[in-house]
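Everything below concerns the one structure shown next.
Only this structure's heavy atoms are used, side chains among them; waters, hydrogens and symmetry mates stay out. Just so you know, residue 1 is the first one in the sequence shown, and it goes up from there.
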Amino acid sequence: MTVTMADINNGYEQKFQMDRHHKEIDLINRDPKQVNEDVVKVDFEDVIAEPDGTHSLDGVWKASYTTFTVSKYWCYRILSAILGIPMALLWGFLFACLSFCHIWAVVPCIKSCMIESQCFSRIYSLAIHIFCDPLFEALGKIFSSVRVVLQKDV
């Protein structure tokens with residue numbers, strides 16, 4: 001059995017197409033493009049801070065820290081478990097609709113307008129050269145002999 005270059009390329013294309021839809025997910029780094037780097041990265045110290053001279057009891061401060069951190073962690077986990085998949089479905093549907101509209105409506109409409117506007121721009125350019133150029137050329141020749149002298153009286 002001989003393997004040709006076409007067989008190798010075909011296998012590569014099939015693997016590429018499959019990988020595009022079945023991408024490996026990184027469970028460690030879940031924000032590789034830093035989309036939410038500064039937006040939702042909120043820790044206890046970012047929200048609650050006591051300046052010098054105004055301190056609560058140490059036990060209250062530690063309990064507040066633990067309560068904030070644990071409640072934020074579990075609330076996010078519960079909300080993402082309940083609403084994560086429906087929201088992913090909603091956002092996937094929305095971006096699919098936006099892509100569809102952009103590909104099948106917006107870009108063809110813009111291309112059509114650009115093609116039609118080229119025709120009008122040529123007609124407009126021709127009209128300017130026919131009517132305005134001679135007018136402004138004549139006005140330039142009329143006013144070319146005008147001399148302006150600025151004299152300061154003392």
Side-chain angles (χ1 to χ4, degrees), residues 1-140:
M1 179 175 188
T2 58
V3 177
T4 64
M5 190 61 107
D7 293 334
I8 294 170
N9 286 340
N10 189 24
Y12 175 73
E13 288 173 10
Q14 288 175 349
K15 183 179 184 298
F16 177 73
Q17 288 174 354
M18 187 179 73
D19 287 346
R20 186 174 45 196
H21 298 294
H22 302 293
K23 185 178 178 184
E24 281 292 321
I25 296 175
D26 186 0
L27 294 176
I28 305 299
N29 183 11
R30 296 186 182 190
D31 191 8
K33 296 182 181 179
Q34 282 79 32
V35 174
N36 293 313
E37 186 62 30
D38 296 328
V39 182
V40 267
K41 190 175 171 183
V42 178
D43 289 325
F44 181 77
E45 298 84 11
D46 298 327
V47 178
I48 300 171
E50 292 180 335
D52 289 336
T54 309
H55 285 215
S56 61
L57 298 171
D58 290 345
V60 172
W61 186 252
K62 289 177 186 178
S64 298
Y65 174 82
T66 304
T67 304
F68 178 89
T69 306
V70 170
S71 64
K72 183 183 92 162
Y73 176 81
W74 281 106
C75 184
Y76 179 79
R77 286 271 173 121
I78 291 168
L79 285 173
S80 64
I82 295 170
L83 300 174
I85 293 172
M87 292 299 292
L89 179 67
L90 176 75
W91 287 114
F93 180 74
L94 176 71
F95 283 109
C97 290
L98 285 172
S99 297
F100 177 82
C101 288
H102 188 78
I103 291 166
W104 291 99
V106 174
V107 172
C109 186
I110 290 172
K111 288 286 187 184
S112 172
C113 288
M114 288 179 69
I115 291 169
E116 292 169 11
S117 68
Q118 265 187 339
C119 178
F120 290 125
S121 72
R122 287 184 181 165
I123 293 171
Y124 178 76
S125 176
L126 205 71
I128 293 294
H129 286 303
I130 290 173
F131 297 111
C132 293
D133 283 358
L135 173 69
F136 289 115
E137 204 172 301
L139 287 172

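When all heavy atoms of T67 and A63 are compared, the closest pair comes out as OG1-O, 2.7 Å. Nearest approach of V35 to D31, heavy atoms of both residues: N-OD1, 2.8 Å.
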Show which side-chain atoms of residues 79-101 pair as donor or acceptor with protein atoms under 3.5 Å away, not counting sequence neighbours.
| residue | atom | partner | partner atom | Å |
| --- | --- | --- | --- | --- |
| S80 | OG | Y76 | O | 3.0 |
| S80 | OG | R77 | O | 3.0 |
| S99 | OG | F95 | O | 2.9 |

Validation: residues 107-122 side-chain donor-acceptor distances under 3.5 Å, sequence neighbours left out:
| residue | atom | partner | partner atom | Å |
| --- | --- | --- | --- | --- |
| S112 | OG | E116 | OE2 | 3.2 |
| S117 | OG | C113 | O | 3.1 |
| S117 | OG | M114 | O | 3.0 |
| S121 | OG | S117 | O | 3.4 |
| S121 | OG | Q118 | O | 2.8 |

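Scanning for side-chain hydrogen bond (donor to acceptor under 3.5 Å, both in side chains) contacts around D58 gives an empty result, with sequence neighbours left out. With sequence neighbours left out, the side-chain hydrogen bond (donor to acceptor under 3.5 Å, both in side chains) criterion links S56 to E50. By the ring pair (Phe, Tyr, Trp, His ring centres under 6.0 Å) test, Y124 pairs with no residue at all, sequence neighbours left out.
Residue K62 places its NZ atom among 12 or fewer non-hydrogen atoms of other residues, nucleotides or ligands, all under 6.0 Å distant.
Screening residues 31-64 for ring pair (Phe, Tyr, Trp, His ring centres under 6.0 Å), with sequence neighbours left out, gives F44-W61, F44-Y65, F44-F68.
Looking only at side-chain heavy atoms (C-beta outward), L27 and R30 come within less than 4.5 Å of each other.
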